[in-house]
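Remarks on the structure that follows.
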Amino acid sequence: MRFDILTLFPDMFGGPFDESIIRRGQDKGLIQIALHQIRDYTVDRHRTVDDAPYGGGAGMLMKPEPLSAAIESVKKLNTEAAVLLTTPQGRPLTQKLAQELSLKPGLIIICGRYEGIDERIHQHYVDHEISIGDYVLSGGELAAMVLVDTVTRLVPGVLGSDESALTDSFGDGLLEYPQYTRPPEFNGLPVPAPLLSGNHAEIIRWRREQSLKRTAERRPDLLTQAVLSDKDRLFLKTLGVSNVS
């Protein structure tokens, strides 16, 4: 998987991309990350990337010419790559969307700045507009980091076990079950008996029920879209949850 990131602040990515899972993916040759300074695609001596919006209003907009030149240049490196724009107006980033993006041959991510970018870039180049939440950041760089991390985890071979990505929260539409490790008792709190039983079927049942319980308590909205079995629905009814299909 190749990530090409178009940004005015490439130095922001140094720490996050040089550590942990993302670094491991690069070292294994499973992902490639290239940072592109948008100012390098300007043609005036001041390297201007913004201008006032037509019709007036507060703030400045990113000009279309540098972005267009940057996108077209980077597209030549990976002609099948999808072009993404990080924006509060975009589709919310979910695990399902991350899985869809992980199947793309590459991602070109535009990091917006100022009050946004010229609408003609949206119309002509952008395949997907993506938001990481209902709030406003100073720019798209932090959102791009989140996006790269989320997708990287789903690239086969990046994690120590591919099963890890499948059992993460939201992997099956539910929140993850509680996790425990040694010692068997800590501050008077024991590890739940099913996890110590050695009975694999019992462990699977307990984890599923705990996942359902935690989701019902913390994110009941997820239950309307999760794939549930008859056993799941029966268990949810014991919790007082009945409005699930």
Side-chain angles (χ1 to χ4, degrees), residues 1 16 19-25 28 30-31 82 84 90-104 107 128 130-135 142-143 145-245:
M1 165 68 77
E19 302 288 345
S20 190
I21 301 299
I22 295 179
R23 180 57 186 247
R24 186 188 305 169
K28 289 182 176 180
L30 298 173
I31 66 167
L84 278 54
R91 177 181 170 188
L93 178 60
T94 62
Q95 193 69 10
K96 179 181 179 182
L97 176 55
Q99 289 167 345
E100 293 175 15
L101 296 175
S102 72
L103 301 177
K104 303 287 186 183
L107 300 177
H128 304 279
I130 296 177
S131 168
I132 64 167
D134 295 338
Y135 47 85
L142 292 174
M145 295 175 200
V146 171
L147 184 56
V148 170
D149 187 280
T150 304
V151 173
T152 293
R153 292 177 56 83
L154 298 170
V155 174
V158 170
L159 298 181
S161 167
D162 291 338
E163 184 181 356
S164 296
L166 297 176
T167 58
D168 280 344
S169 289
F170 310 110
D172 60 356
L174 302 174
L175 299 184
E176 190 176 18
Y177 47 79
Q179 298 269 31
Y180 296 85
T181 187
R182 294 180 178 84
E185 184 174 316
F186 176 73
N187 280 358
L189 299 172
V191 173
L195 299 180
L196 303 175
S197 67
N199 185 325
H200 190 59
E202 176 68 7
I203 292 172
I204 291 175
R205 182 194 62 79
W206 182 88
R207 285 177 169 172
R208 182 65 177 182
E209 289 181 352
Q210 291 299 309
S211 183
L212 291 164
K213 182 173 183 290
R214 179 163 287 187
T215 303
E217 292 172 346
R218 303 182 183 184
R219 289 292 305 277
D221 57 297
L222 296 175
L223 294 174
T224 61
Q225 300 180 20
V227 178
L228 303 174
S229 67
D230 290 339
K231 286 184 178 180
D232 292 337
R233 296 186 187 90
L234 287 173
F235 177 74
L236 287 168
K237 285 183 178 179
T238 68
L239 302 177
V241 180
S242 57
N243 58 335
V244 290
S245 58

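Starting from 1, each residue takes its place in the sequence as its number.
Thr215 contributes a side-chain N or O that, together with a main-chain N or O of Ser211, makes up a donor-acceptor pair within less than 3.5 Å. No donor-acceptor pair under 3.5 Å is formed between the side chain of Arg91 and the backbone N or O of His128.
For the atom pair CG (Leu101) and CG (Leu147), the distance works out to 6.0 Å, reported to the nearest 0.5 Å. Distance NZ/Lys231 to CD/Glu209: 9.5 Å, rounded to 0.5 Å. From Leu195, atom CG reaches atom OG1 of Thr181 across 11.0 Å, with rounding to the nearest 0.5 Å. Note: Leu196 CG to Ile203 CD1 = 8.5 Å, rounded to the nearest 0.5 Å. From Leu159, atom CG reaches atom OG1 of Thr152 across 9.5 Å, with rounding to the nearest 0.5 Å. Rounding to the nearest 0.5 Å gives a distance of 11.0 Å between CG of Leu174 and CZ of Arg219.
In terms of heavy atoms, Val158 sits closest to Arg24 at O-CD, 3.3 Å. Across every non-hydrogen atom of Gly173 and Ala226, the tightest pair is O-CB, 4.0 Å. Residue Leu30 comes nearest to Pro156 through the heavy atom pair CD1-O, 3.8 Å, listed as atom of the first residue, atom of the second, then distance. Across every non-hydrogen atom of Tyr177 and Gln210, the tightest pair is CB-CB, 4.1 Å. The nearest pair of heavy atoms linking Trp206 to Pro194 is CD1-CG, 3.5 Å. Here the shortest heavy-atom pairing between Ser131 and Gly90 reads CB-O, 3.7 Å.
The local environment of NZ in Lys96 is sparse, with at most 12 non-hydrogen atoms from other residues, nucleotides or ligands closer than 6.0 Å. Within a 6.0 Å radius of CD in Glu19, no more than 12 heavy atoms belonging to other residues, nucleotides or ligands are found. The local environment of CG in Asp230 is sparse, with at most 12 non-hydrogen atoms from other residues, nucleotides or ligands closer than 6.0 Å.
Two residues are said to be in side-chain contact when any heavy atoms from C-beta on lie closer than 4.5 Å; Gln95 and Thr150 meet this criterion. Put simply, the side chain of Leu107 reaches to within 4.5 Å of the side chain of Met1, judged on heavy atoms. At a threshold of 4.5 Å between non-hydrogen side-chain atoms, the residues Thr238 and Phe235 count as touching. The closest side-chain heavy-atom distance from Leu212 to Val241 is not below 4.5 Å. In this structure, Arg205 and Glu202 have side chains that are in contact, with non-hydrogen atoms separated by less than 4.5 Å.
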Would you sort out whether Glu217 and Lys213 count as a salt bridge (charged side-chain N to carboxylate O under 4.0 Å, His left out), showing the intermediate values? CA-CA 6 Å; Glu217 292 172 346; Lys213 182 173 183 290; 2.8 Å; yes

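For Arg208, the salt bridge (charged side-chain N to carboxylate O under 4.0 Å, His left out) partners are Asp172, Asp232, not counting sequence neighbours.
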